[in-house]
Amino acid sequence: MPELPEVEVTRQSFAARIAGAHITAVRLGKPLRWPLGCAPGQLLGQQVLGVRRRGKYLLLDLSDGLLLLHLGMSGSLRFAPALPAPGAHDHFDLVTDHGLLRLHDPRRFGAAVFTPGEQSAPARKLLGALGLEPLDDGFTPAALQAGLVRHRAPIKQVLLAGKVVVGVGNIYASEVLFLAGIRPTTAACALGPVRVRRLHRAIREVLARAVARGGTTLRDFSSAEGQAGHFQTETRVYGRAGQPCTACGAAIHSLVQGQRSSFYCPRCQRP
DNA sequence: CAGTGGGCCTGAGTGC
DNA sequence: TGCACTCAGGCCCACT
């Protein structure tokens, strides 16, 4: 589920409501990907100043630290004045005087990590190697090209790795490459300025459109307000192996790259 | 440094 | 209905 658009939609759905809240209690469920990194009591009394996003991480700025949240493969957040008693897959509750923020994550690849600040060692370990923010002004065709030339791996895997540009997960990587007319197997460093420019535009277009549609709900994604996304009705290649390309009618192909499935149109997307 | 493969977890779906 | 198996939206780490 949660690629950049889903994380951004989640952020937008509760950032304003939680801003200014004071933490009154913390409840931990089963262990997540990483430990919280502090005694839960250390969060009590702290104020939530705001919520930012970096790649697929949510950053809750606290009055005395930074709380990083990651949704992993199956995580979702809810924020409401009150929520039912925690279920078997509710592994982190942040109780505040504005409401309850709850991380629901069946597969537990997600995480809630407290760090002293963005420049602290634990924060830099998680955030330090992340690539460009695709919706920021600093994400230019030239910057993208500078990142891509250092990688000879297939462009699909380079996009997924997040070292050049963040937030493009498995669904959006296939969609982006379709829109850019680039075969997922093409070596990243083999892309010239013209194709890099097309790729740059496609990344922005797909991600921004997905945010506007409330994200992609394949199984159970919803915003912190419980709203499902709608972008899944607009995917052109993801999950459509064997079906006709919406642009040219050729059968969509699928292949496995780095143990992840990729989808592409063999006619519209050039090696 | 760059690239590859394993592993972390659970639930849904498929085929027998 | 039950079982074995495959697959799933992410990302760190060990190794080559």
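As the structure is a computational prediction, the values presented were derived from the model and not from experiment. Computed over heavy atoms, backbone and side chain alike; hydrogens, waters and symmetry mates excluded. First the proteins, then the strands, lettered A, B, ... as listed; each starts at 1.
Ionic pairing of A:E175 and A:R236 is not present here: no N-O contact between side-chain nitrogen and carboxylate oxygen is shorter than 4.0 angstrom. One finds a salt bridge joining A:E118 and A:R52 here, because a Lys/Arg side-chain nitrogen approaches an Asp/Glu carboxylate oxygen to under 4.0 Å.
Looking at which nucleotide of DNA chain C each of A:K125 and A:R107 is closest to, the 5′-most match is held by A:R107.
Nucleotide C:dA8 holds its C1' atom 16 Å from the CG atom of A:L71, rounded to whole Å. In this structure, NE2 of A:H104 is placed 13 Å from P of B:dT10, rounded to the nearest angstrom. Here B:dG11 presents its C1' atom at 12 Å from CE of A:M73, a figure rounded to the nearest Å. Distance CG (A:D105) to C1' (B:dT10): 10 Å, rounded to an integer number of Å.
Around CZ of A:R270, the count of heavy atoms belonging to other residues, nucleotides or ligands within 6.0 Å exceeds 12.
Checking each of A:F231, A:F263, A:Y238 against A:Y172 for a ring pair (Phe, Tyr, Trp, His ring centres under 6.0 Å) leaves exactly one that passes, namely A:F231.
Among the atoms of the strands shown, only primed sugar atoms or phosphate atoms (P, OP1, OP2) are found under 4.0 Å from some heavy atom of A:R150. Residue A:F231 is out of contact with every strand shown, counting any heavy-atom pair closer than 4.0 Å. A:R152 comes within 4.0 angstrom of sugar-phosphate atoms only, judged by non-hydrogen atoms across all strands, and of no base.
We find that the ring of A:F109 and the base of C:dC11 do not stack by the test of centres under 5.5 angstrom and planes tilted less than 30°.
Closest to the A:K30 side chain, of the nucleotides C:dC12, B:dA12, B:dT10, is B:dT10. Comparing atom distances between the A:R219 side chain and each of C:dG10, B:dA12, B:dT10 picks out B:dA12 as nearest. Ranking B:dG3, B:dA12, B:dT10 by closeness to the A:A153 side chain, first place goes to B:dG3. Distance from the side chain of A:Q259 is smallest for B:dG5 among the nucleotides B:dG11, C:dG10, B:dG5. Distance from the side chain of A:H70 is smallest to C:dC11 among B:dG11, B:dA2, C:dC11.
A donor and an acceptor atom sit less than 3.5 Å apart, one in the side chain of A:R33 and one in the base of C:dC11.
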Sequence neighbours excluded and cut-off under 3.5 Å, please list the side-chain donor-acceptor pairs for residues 34-51 of chain A, or say none.
residue, atom, partner, partner atom, Å
A:Q46, OE1, A:D64, N, 2.8
A:Q46, NE2, A:Q42, O, 3.1
A:Q47, NE2, A:G20, O, 3.0

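Comparing B:dG6 with C:dT6, their P atoms sit 14 Å apart, to the nearest whole Å.
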